[in-house]
Structure formats: C-alpha cells, structure tokens
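Naming convention: chains lettered A, B, ... in sequence-line order (proteins, then strands); numbering from 1 in each chain.
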Amino acid sequence: MMRREWIYAWLLVLPAFVFLITFTHLPAVEALVNSVWTTAKGRRPSMFVGLGNYQKMLQDPIFIKAMINSGLYAALTVPTSIALALAMALLVHRPFKGVAAMRMAYFTPTVLPLVAVANIWLFFYAPGFGLIDQIRQFFGFASANYAGQPDTALYSVAVVTIWKEAGFFMIFFLAALQTVPETLREAAAIEGCSKWTFFRRVTLPLIMPTTLFVSVNAVINAFRLVDHVFVMTKGGPDNASMLLLYYIFETGFRYWDTAYAAALTVVLILILSLAGLGQFYAADKRVHYK
Amino acid sequence: MQISDIAIQIDRVTRAFDRNRALDEVSVPIRAGEFTVLLGPSGCGKSTLLRLIAGLDTQTDGTILIEGQDMRGTPPGARGLSMVFQSYALFPHLSVRQNILFGLAVRKTSRAVQAERLKRVAEMMGLGPLLDRKPSQLSGGQQQRVALARAVISDRPICLMDEPLSNLDAKLRADMRVELRSIQKQLGLTVVYVTHDQVEAMTMADRIIVMNGGRIEQVGIPEAIYARPETTFTASFIGTPPMNLFPASALFSGPANLTVGIRPEDLHLTDAGPRADLVGVEYLGADRLVAGQINGTPFVLRQPAQSPTPRDRFHIGWSQTAMNAFDATTGKRLHDFDFSSLSPNQKDFDHETA
Ligand SMILES: Nc1ncnc2c1ncn2[C@@H]1O[C@H](COP(=O)(O)OP(=O)(O)O)[C@@H](O)[C@H]1O
Ligand SMILES: [Mg+2]
C-alpha cells in the first residue's frame with residue numbers, strides 16, 4: 001500500500017522533475033564543470049585549468065565593475081520597489097469608488113513586456129524631445145541624456161525595474177493585507193491606537209512572511225531581469241550599466257568565451273543561493289508564521 | 001433616576017444600511033454599574049448598536065451620550081470604554097503579556113504602572129503561567145480570558161462585549177458566566193453585553209434590553225421580562241419552551257382580537273376546562289413536556305415527571321395570575337388584564353378554568 005502510494009507520487013512529480021533536471025540542474029552542473037576548463041579555440045582543445053577562470057575574474061576590471069553595479073542595482077531596486085509596492089497596496093486595499101481602476105493602473109506595468117517597457121522609457125529619457133527632458137527644459141535646466149550618460153545610466157535602468165516590479169509585488173501585499181482581520185484593527189482602535197502605530201506594531205509583523213517572499217523574489221529579479229539593459233544601454237556607456245548577467249551574456253555569446261562565461265554563471269548562482277538562504281535565515285526569527 | 005446614574009444614553013438612534021435599517025429610532029438608557037444585556041435573535045441589530053456605542057460605526061441619525069457627553073465625532077479610543085470581541089481579536093504575533101498590555105503601551109503608560117496592573121489582572125484571571133505564550137498556544141477558554149484581561153486592564157468604566165462566550169463549549173460557558181458576573185461586580189463595571197442566548201441574559205443581567213427587527217421590544221429586569229412580557233415577540237422569544245400564545249377564542253368566549261399567553265409551567269391537567277388533543281410527550285428528567293393542540297393552536301404544557309401522562313384527550317387549566325393578555329393586532333400587552341393591576345375590566349369575560 002505504502003509502496004504504491006510512493007510510486008504514484010513519484011509518477012505525479014516526474015514530468016516536472018524531468019524538465020527541472022534537464023533545463024535547470026543539468027545546465028548548472030555543466031556550467032560548474034565547464035568553468036574549470038578553458039574554451040576550445042581553433043586547433044587548441046579545451047584544457048583543464050582548475051580555478052584559473054576564477055582567478056582571472058579578480059583581475060578583470062569589467063567583472064569587478066559589473067559586480068559593483070549589480071550590488072548597487074539590487075540595493076536600489078529591492079527596497080524601493082518593495083516599499084513602493086506596500087505603499088500602493090495600502091492605498092488600494094480598501095474598497096472605494098474607482099478602486100478597481102486604480103489597482104489596474106498600478107498593475108499595468110507588470111503585464112507589459114519588459115522590452116516594450118524599456119522602449120517606452122527610452123522615449124521618456126530621450127534627450128531633447130523626451131518627456132523628462134521637456135520638463136527639465138521647461139524649468140530652464142540644460143538637456144540631459146539619462147540613459148546615455150555614464151553617471152546616470154545605471155540609475156535610469158534601475159528606475160525602469162522599480163516601475164515594472166512594484167505593481168507586481170503590490171498584488172502580494174494586497175493579498176496579505178486582506179488576511180489581517182478587521183477586528184484586530186477595531187480592537188486596536190478601541191485602545192486608542194493610531195493608524196501608524198497599528199501598521200508598525202500589527203500589520204507589518206503580520207505580513208512579514210509576504211515581505212520575505214517578495215524580497216527574495218526582488219533580489220533574484222535584480223540579478224535575473226536584464227532585458228531592458230539590452231534595449232536601453234547595452235551595459236554602457238563605458239560599462240556604466242554593466243550588470244553581472246549582461247556581462248555573462250556578452251562573454252558567452254558575443255565573445256564566445258564559454259568557459260569564462262560558465263565560471264561567471266557559477267558566481268551568479270552562488271550569489272543567488274546565498275541571498276535566498278541568508279534572507280530565510282535572517283528573517284526566520286522575526287517572521288510570524290501562523 | 002438621576003442623570004449621573006446613566007452611563008450611556010441612546011436617543012432615537014437609527015442606523016440605515018443600503019438595503020435595510022439595522023436600527024430604527026432606538027432609545028434606551030444604560031445605567032452605570034449595571035450589567036445590561038442586549039438580547040434578541042440573530043440580525044436584530046444588537047451588534048450594530050454595540051458598535052455605534054463603541055464608535056466603530058456611525059449612526060445615520062440620533063445621538064449617543066456617554067457620561068452625558070455627545071459622542072458624535074469622538075474616536076473609539078477616547079470614549080472611555082473597552083471591548084471584548086466574539087472572535088477575541090487577539091494579536092497573533094504578540095505574547096499574552098504583550099496582548100494584555102497593548103493598550104497601555106500604545107497610550108504610553110509608565111512601565112511601573114503597566115507591571116503593577118498586569119500583575120493584578122493576571123492574578124485575577126489566572127493567566128500568570130501563560131504570559132509568555134502566543135495566542136495560538138492557548139485553548140479557546142484561555143484566549144477568552146486574555147481578551148477579557150485586555151479589557152479589564154484598561155481600567156475604563158464601560159465594557160462592551162459582543163457574544164464573548166459563543167465560541168466556548170457548554171461547560172466552560174457556564175463557568176465563565178459566573179466569573180464574568182463576579183468580575184463585573186467586583187470592579188463596578190458598566191457592562192453592555194450582546195447575546196442571542198436567553199440563558200446568558202437571564203443568569204447574568206441586571207437589566208435586559210430585548211430587541212427585534214432593529215427596535216427595542218422591552219427593557220426590564222430578567223424577572224419582569226419573563227413574567228410580564230410586553231409584546232407577543234418577547235413572550236414567544238423568552239423561555240424554553242417559550243410562552244404559549246392562544247387566540248382567546250380557542251380558550252373561552254372572551255373578547256375578540258385578544259391573544260392569551262400562558263407559560264408551559266403555568267398550565268396543568270384538569271377535569272374541566274378547554275379540551276386539548278395530545279400531540280406528543282417529551283421526557284426531560286425532572287419534567288415532562290406535553291405537546292397538545294386546542295382548536296388547531298399548538299401549545300406545550302410542562303408537568304413534573306412524576307405526574308401521570310395525559311391521555312389522547314385531556315383538559316387544561318391555569319391560574320388567573322399566570323395569564324398574559326395581548327392585543328392580537330399590535331402584539332402589545334394589554335395591561336388592563338393584568339391580575340395585579342386589578343383593573344375593573346379584568347374579569348369582563350367568563351373563563352372556564354378550574
Ligand atoms: N456593514 C453592513 N452592511 C449592510 N448591512 C449590515 C451591515 N452590518 C449589519 N447589517 C445588517 O444589519 C442587521 C443587523 O445586524 P447585526 O447588528 O449584526 O445583528 P445581530 O448582532 O443582532 O445579529 C442585519 O440585517 C445585517 O444584515
Ligand atoms: Mg451580532
């Protein structure tokens with residue numbers, strides 16, 4: 001009896017398992033293997049170099065730049081998009097006239113493809129006739145090319161990410177806020193508790209599991225979502241908006257240094273795993289699970 | 001009645017929702033230091049009235065005075081009252097201690113005062129050993145105590161309770177009834193207690209407010225509510241089983257348009273009197289309930305279990321004093337017929353009682 005149930009269970013997960021292994025686990029292992037060899041070139045076959053590719057990274061200024069940029073990019077986009085998502089959710093989680101339209105408006109950026117969004121934002125950023133530049137010029141500022149200047153390129157990419165992700169995360173917060181019972185709010189009101197105190201002392205702890213879930217996803221997305229970099233800056237100018245994943249793409253598919261790209265990929269996987277594990281661990285004590 | 005005796009004055013309060021009126025011009029005083037029970041069937045507007053008093057909802061019309069002050073625009077926290085919810089409304093992420101102290105902490109009461117009051121209240125409620133637990137680690141009865149402790153520790157003179165015992169099992173409910181009452185007396189609290197359970201109302205109340213369909217049917221001490229219902233609604237709502245209501249014509253050749261109410265325990269078997277058909281018999285241990293029918297009107301008679309069970313056809317009798325007369329159209333009590341009022345009209349019909 002027990003055995004049959006187990007076989008049944010394994011058969012059920014088998015399809016998902018096959019795809020997961022073929023497209024996720026095997027490539028990851030293969031990247032790990034490839035990363036300790038050199039890329040085969042012309043008559044020179046692939047050679048075992050051990051940690052050679054990893055040592056090379058330490059001397060690679062573009063890699064270092066990409067790491068710093070990715071860190072900065074995550075530090076910018078993760079907290080901002082979460083805070084924005086929560087603020088939007090708080091605004092629209094109670095019914096009022098037109099609440100559906102407002103939720104829809106907040107959610108719209110999420111349903112648009114990132115590449116299309118990036119193109120729209122390119123118009124906003126366009127020097128001279130772009131929306132932002134027109135506003136600047138109206139107030140008498142000089143024209144600026146946000147996506148094209150080294151000192152603002154990364155930020156202009158980050159803004160697009162925040163704009164796109166906040167609406168998506170809002171949905172999760174919206175669902176979480178609905179689970180906070182109305183009677184808790186009333187019990188607190190009887191005690192003379194202000195809205196802000198209630199939010200800080202009750203709402204925030206109660207939606208902590210959602211916040212954790214969202215922040216893990218935000219961190220992963222910060223390293224994973226680079227579609228708009230292709231459209232907007234291509235990592236430039238002068239690597240100013242170079243992110244780790246975009247650098248992996250360039251190394252692997254533009255310069256065809258697949259072994260080095262594999263090593264970079266391993267670094268990326270490592271960072272993502274650590275981020276995920278670390279967040280679960282750190283938040284474990286503060287999270288209230290029902 | 002002096003003004004200072006009245007803790008809460010409800011004055012022509014109406015609460016209309018989109019489709020219906022939950023309260024319709026309700027007026028009633030609630031006296032300080034009394035245990036007042038709002039009693040009525042589900043959906044009659046009890047919770048609505050309680051929430052209006054608490055300030056969690058706003059009336060469409062009318063005024064609510066607490067300690068003589070018009071409460072319109074006063075937020076719940078500034079009304080000098082505490083509240084116990086049916087669902088307990090405990091904060092699931094906070095310990096019992098933090099839950100009880102929530103209000104004091106929010107109001108920035110000093111640590112020393114908090115500690116002193118917590119000690120007193122925890123002792124009173126027997127919560128001492130549970131202070132560090134989370135609500136999810138408590139039984140229903142214990143959670144109920146924490147909710148009560150949170151209300152009591154506020155030291156506010158008025159405590160509102162909305163069916164606080166309805167989630168407990170029967171035994172615990174009986175214990176808590178006694179305990180709630182003793183806490184209320186001990187602290188001199190003004191309690192407004194919502195329930196649809198007449199046993200709770202009868203056992204705990206100083207005064208009962210009977211509600212039906214957004215209106216108040218009767219206000220009175222439990223004995224008065226039971227013995228002298230002011231309306232046929234109260235008569236048929238209070239008592240298990242409730243008062244029998246007969247059209248007068250079913251019992252005797254009395255005036256038309258009269259409904260006669262007699263409690264099951266006030267009916268007895270006789271040799272003469274109106275003749276009834278037996279419908280069924282229910283044995284309850286000490287008592288027996290005899291269900292019968294007179295001219296198509298069903299009724300219940302309660303007799304001691306030792307008495308002989310009636311045959312298929314039997315005669316019933318009752319004492320004059322146990323009779324209640326109501327206007328058949330309005331359902332209102334006709335005080336002219338009250339025995340003790342000894343009005344001259346009282347015996348203007350011949351009755352066939354033994
Ligand atoms: N928020 C609301 N919106 C619409 N109708 C309501 C609302 N709250 C209560 N009601 C209606 O008001 C009436 C009284 O409700 P309530 O006071 O909760 O009854 P009770 O507590 O006596 O069971 C009911 O008919 C109920 O459907
Ligand atoms: Mg109710």
Side-chain angles (χ1 to χ4, degrees), chain A residues 82-83 86 89-90 93-100 172-216 279-290, chain B residues 18 47 50-58 74-95 98-109 134-137 143 146-156 158-164 167 192:
Chain A
I82 290 176
L86 185 53
L90 286 169
H93 95 279
R94 272 157 198 281
F96 58 87
K97 221 173 159 66
V99 70
F172 294 96
F173 282 121
L174 214 47
L177 288 175
Q178 309 287 346
T179 66
V180 177
E182 197 57 32
T183 48
L184 293 189
R185 215 178 296 277
E186 294 179 345
I190 297 270
E191 300 286 2
C193 181
S194 71
K195 279 198 168 120
W196 166 244
T197 309
F198 182 78
F199 175 73
R200 202 168 42 85
R201 291 211 46 191
V202 182
T203 310
L204 217 48
L206 287 182
I207 62 171
M208 199 59 193
T210 301
T211 311
L212 175 68
F213 172 79
V214 165
S215 52
V216 170
Q279 283 199 28
F280 276 113
Y281 184 79
D284 213 19
K285 290 184 191 90
R286 290 191 297 130
V287 171
H288 162 77
Y289 286 105
K290 289 217 186 83
Chain B
D18 292 344
S47 297
L50 201 71
R51 292 169 57 81
L52 291 179
I53 296 172
L56 297 172
D57 192 5
T58 312
T74 307
R79 296 190 172 203
L81 44 80
S82 57
M83 187 156 175
V84 179
F85 294 81
Q86 178 177 359
S87 60
Y88 312 141
L90 299 179
F91 303 111
H93 61 297
L94 300 181
S95 67
Q98 291 168 315
N99 262 289
I100 296 175
L101 290 175
F102 186 86
L104 297 186
V106 162
R107 276 170 267 141
K108 307 215 162 33
T109 314
K134 290 276 172 68
S136 57
Q137 297 166 313
Q143 292 184 25
V146 177
L148 206 57
R150 189 173 62 184
V152 163
I153 203 170
S154 69
D155 256 358
R156 290 168 165 183
I158 299 170
C159 183
L160 310 178
M161 306 192 189
D162 194 349
E163 313 220 7
N167 289 345
V192 185

Distance (rounded to the nearest 0.5 Å) between E186(A) CD and S87(B) OG = 9.0 Å
Are any non-hydrogen side-chain atoms of R150(B) and E191(A) less than 4.5 angstrom apart?
-> yes
Show me the donor-acceptor pairs, under 3.5 Å and distance only, between side chains in residues 198-214 of chain A and residues at least two apart or in other chains.
{"from": "T211(A)", "atom 1": "OG1", "to": "I207(A)", "atom 2": "O", "distance (Å)": "3.1"}

Specify which of S194(A), G192(A), C193(A) makes the most heavy-atom pairs with chain B at under 4.5 Å.
-> C193(A)
Which atom pair, heavy atoms only, marks the closest approach of L56(B) to A189(A)?
-> CD2-CB, 4.4 Å
Could you tell me which of I190(A), T197(A), T183(A) has the largest number of non-hydrogen atom pairs under 4.5 Å with chain B?
-> I190(A)
Who are the side-chain contact (heavy atoms from CB on, under 4.5 Å) partners of T109(B), not counting sequence neighbours?
-> L104(B), R107(B), V113(B), Q114(B)
Heavy-atom contact with chain A under 4.5 Å, split by part of L160(B) = neither
Side chain from CB out, backbone as N, CA, C, O: work out which of these in F91(B) comes under 4.5 Å of a heavy atom of chain A, or both, or neither.
-> both
Option in Q98(B), Q86(B), R51(B) with maximal non-hydrogen atom pairs under 4.5 Å from chain A = R51(B)
